[in-house]
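Side-chain atoms are counted along with the backbone in the values below, which use heavy atoms only and exclude waters and symmetry mates.
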2 protein chains.
Amino acid sequence: AIETIGISKIYGSGNTEVIALREATMTIQRGEVVALLGPSGSGKSTLLSSIGLINPPTSGQIKIDGKVVMDGPKPFVNLQRYRRERLGFIFQKSNLIPFLSAIENVMIALSISGIEGRPAKRRAMELLDSLGVAERAKNLPSALSGGQQQRVAIARALANKPSLLLADEPTAALDSKLGRQVMELFREIGHENQAGVLVVTHDQRSLEVFDRILHMDDGLLTELEVANSK
Amino acid sequence: AIETIGISKIYGSGNTEVIALREATMTIQRGEVVALLGPSGSGKSTLLSSIGLINPPTSGQIKIDGKVVMDGPKPFVNLQRYRRERLGFIFQKSNLIPFLSAIENVMIALSISGIEGRPAKRRAMELLDSLGVAERAKNLPSALSGGQQQRVAIARALANKPSLLLADEPTAALDSKLGRQVMELFREIGHENQAGVLVVTHDQRSLEVFDRILHMDDGLLTELEVANSK
Ligand SMILES: Nc1ncnc2c1ncn2[C@@H]1O[C@H](COP(=O)(O)OP(=O)(O)OP(=O)(O)O)[C@@H](O)[C@H]1O
Ligand SMILES: Nc1ncnc2c1ncn2[C@@H]1O[C@H](COP(=O)(O)OP(=O)(O)OP(=O)(O)O)[C@@H](O)[C@H]1O
Ligand SMILES: [Mg+2]
Ligand SMILES: [Mg+2]
């Protein structure tokens with residue numbers, strides 16, 4: 001499980017101060033698939049990147065499996081190792097490495113957990129295929145459409161079978177049919193691999209795949225009642 | 001009006017050849033607000049960037065107000081001048097200048113048509129305000145959320161009151177309420193300023209603001225019947 005306890009995030013200072021998170025407290029259990037909704041600028045990416053250990057909170061704690069990993073900006077573990085071993089992150093902007101092909105972008109994630117050569121190539125191709133972009137494996141990101149780049153970024157995040165998958169608007173560049181398939185893939189990953197999955201989305205329509213729905217408004221986190229239960 | 005006559009676009013060659021557009025023929029009149037839908041990878045951004053004179057077609061013609069401006073990749077006019085004077089382009093990735101603030105990003109578009117100093121600052125602030133990001137005017141793009149960056153990019157595209165507005169998934173990073181407001185703003189611009197507006201969107205829900213709906217599938221352009229008439 002990953003847990004945030006009263007985390008706050010303040011950018012800037014004085015009259016340029018922006019309070020992006022206000023004492024956000026939440027838990028995601030392994031196997032839970034959770035949506036995070038909210039208006040533009042409300043703090044969703046900030047919450048996600050704090051949980052993902054890439055944007056330290058100003059105050060408050062982050063715990064993984066009961067162990068404190070951050071207290072405010074102070075790390076208590078090797079953050080890079082924790083991220084590598086457990087996290088899969090899909091950024092709001094795909095963030096692919098521009099000089100590597102689609103398949104190389106996925107394979108570089110695999111090499112981080114020691115999977116290389118033929119087994120890496122095979123796994124990378126399976127992932128690209130599951131997202132419908134296998135035939136673009138050899139292309140550079142600049143030769144891909146926006147939605148194709150996004151799908152390669154998704155494949156890369158899934159490569160190491162993360163125990164916590166954090167996705168920031170992963171279907172923004174996809175048509176509704178593909179977007180739905182991706183949401184169902186995330187649900188499958190959460191439930192079958194017993195991974196925690198947190199998805200920031202603006203798409204209010206494919207919400208039935210989620211176990212829980214969180215809402216962010218001006219830095220304040222709340223939980224919505226979910227009509228359907230598992 | 002802007003018109004494409006049988007334009008095709010081929011990327012790569014030999015066995016890496018991708019036919020992104022297949023003889024696409026269409027017209028957008030001034031005052032028309034048109035949506036372009038279609039699956040990821042179907043050629044929407046390619047069509048938009050061809051019409052926007054930034055990605056020349058492999059073959060076929062582009063005419064503006066009856067005058068041929070491109071025949072295949074060969075330009076018949078000064079493309080840069082045509083773009084500057086008539087076009088507003090919202091890219092699929094915001095493409096803001098990273099070392100300029102939000103307001104400077106909008107003002108640089110205004111300076112291209114000779115508007116500078118106080119009048120430029122005033123107009124830029126009005127535009128940012130109409131998109132709800134006025135209070136972030138002095139921030140760099142890196143200090144803005146994804147949806148805030150997208151809105152600054154929209155403000156910048158509108159700055160010079162373009163006679164043709166081309167928007168590539170302009171609401172992808174916005175929540176549904178804001179997304180709807182932006183679509184209605186585009187409709188207003190099209191109808192009141194007599195501008196042609198072409199919007200690539202994956203959002204099948206706010207389609208009633210559009211006069212016509214085009215559909216792209218694997219490079220093939222078709223027009224859908226619109227149930228409601230103006
Ligand atoms: N520079 C390039 N070199 C090779 N292929 C390209 C290049 N740019 C685009 N393509 C390919 O052309 C096809 C159409 O791309 P385009 O970006 O127009 O799609 P799109 O409809 O905008 O997709 P999306 O909805 O994902 O943004 C895609 O298969 C894409 O991979
Ligand atoms: N580096 C930064 N410096 C200053 N302010 C920032 C910085 N990063 C984010 N912000 C501000 O913090 C607030 C929350 O940003 P965040 O990116 O978390 O929003 P979001 O909910 O993801 O929005 P969107 O839906 O538009 O992506 C916004 O007002 C944003 O402008
Ligand atoms: Mg965000
Ligand atoms: Mg596109």
**Request:** For chain B, find which of A:Pro39, A:Ala20, A:Gly132 contributes the most heavy-atom pairs closer than 4.5 angstrom.
**Result:** A:Pro39

**Message:** Can you confirm whether more than 12 heavy atoms, excluding those of A:Glu104, are under 6.0 Å from its CD atom?
**Reply:** yes

**Message:** Looking at A:Leu140, I'd like to know if its CG atom is crowded, meaning that more than 12 non-hydrogen atoms belonging to other residues, nucleotides or ligands lie closer than 6.0 Å.
**Reply:** yes

**Request:** Heavy-atom distances under 4.5 Å only: say whether A:Val18 touches chain B with side chain, backbone, both or neither.
**Result:** side chain

**Message:** Under 4.5 Å from any heavy atom of chain B, what part of A:Gln148 do you find: side chain, backbone, both or neither?
**Reply:** both

**Request:** Please report the C-alpha distance between B:Thr16 and A:Lys138 in whole Å, then the side-chain angles of each, then the deciding distance to 0.1 Å, and finally whether the side chain to side chain contact (heavy atoms under 4.5 Å, CB included) criterion is met.
**Result:** CA-CA 9 Å; B:Thr16 61; A:Lys138 294 229 161 64; over 6 Å; no

**Asked** For A:Leu178, is it the side chain, the backbone, both or neither that has a heavy atom under 4.5 Å from a heavy atom of chain B?
**Response** side chain

**Request:** Please round to the nearest 0.5 Å and tell me the distance separating atom OG of B:Ser176 and atom CG of A:Leu37.
**Result:** 8.5 Å

**Complete:** For B:Ala167, the side chain to side chain contact (heavy atoms under 4.5 Å, CB included) test, sequence neighbours excluded, returns B:Ile90, B:Pro170, B:Phe186, B:Val199

**Prompt:** What part of B:Ser145 lies closer than 4.5 angstrom to a heavy atom of chain A: side chain, backbone, both or neither?
**Reply:** side chain

**Asked** Does anything in residues 175-186 of chain B pair up under salt bridge (Lys or Arg N to Asp or Glu O under 4.0 Å), and if so which pairs, sequence neighbours excluded?
**Response** B:Arg180-B:Glu184, B:Arg180-B:Glu208

**Request:** Select one option (side chain, backbone, both, neither) describing which atoms of A:Gln149 are under 4.5 Å from chain B's heavy atoms.
**Result:** side chain

**Request:** Considering non-hydrogen atoms only, spot the tightest contact between B:Ser40 and A:Ala173 and give its length.
**Result:** CB-O, 4.5 Å

**Request:** Answer yes or no: are there more than 12 heavy-atom neighbours, outside B:Ile5 itself, under 6.0 Å from its atom CD1?
**Result:** yes

**Asked** Should we say atom CD of A:Gln61 is surrounded by more than 12 heavy atoms from elsewhere, each under 6.0 Å from it?
**Response** yes

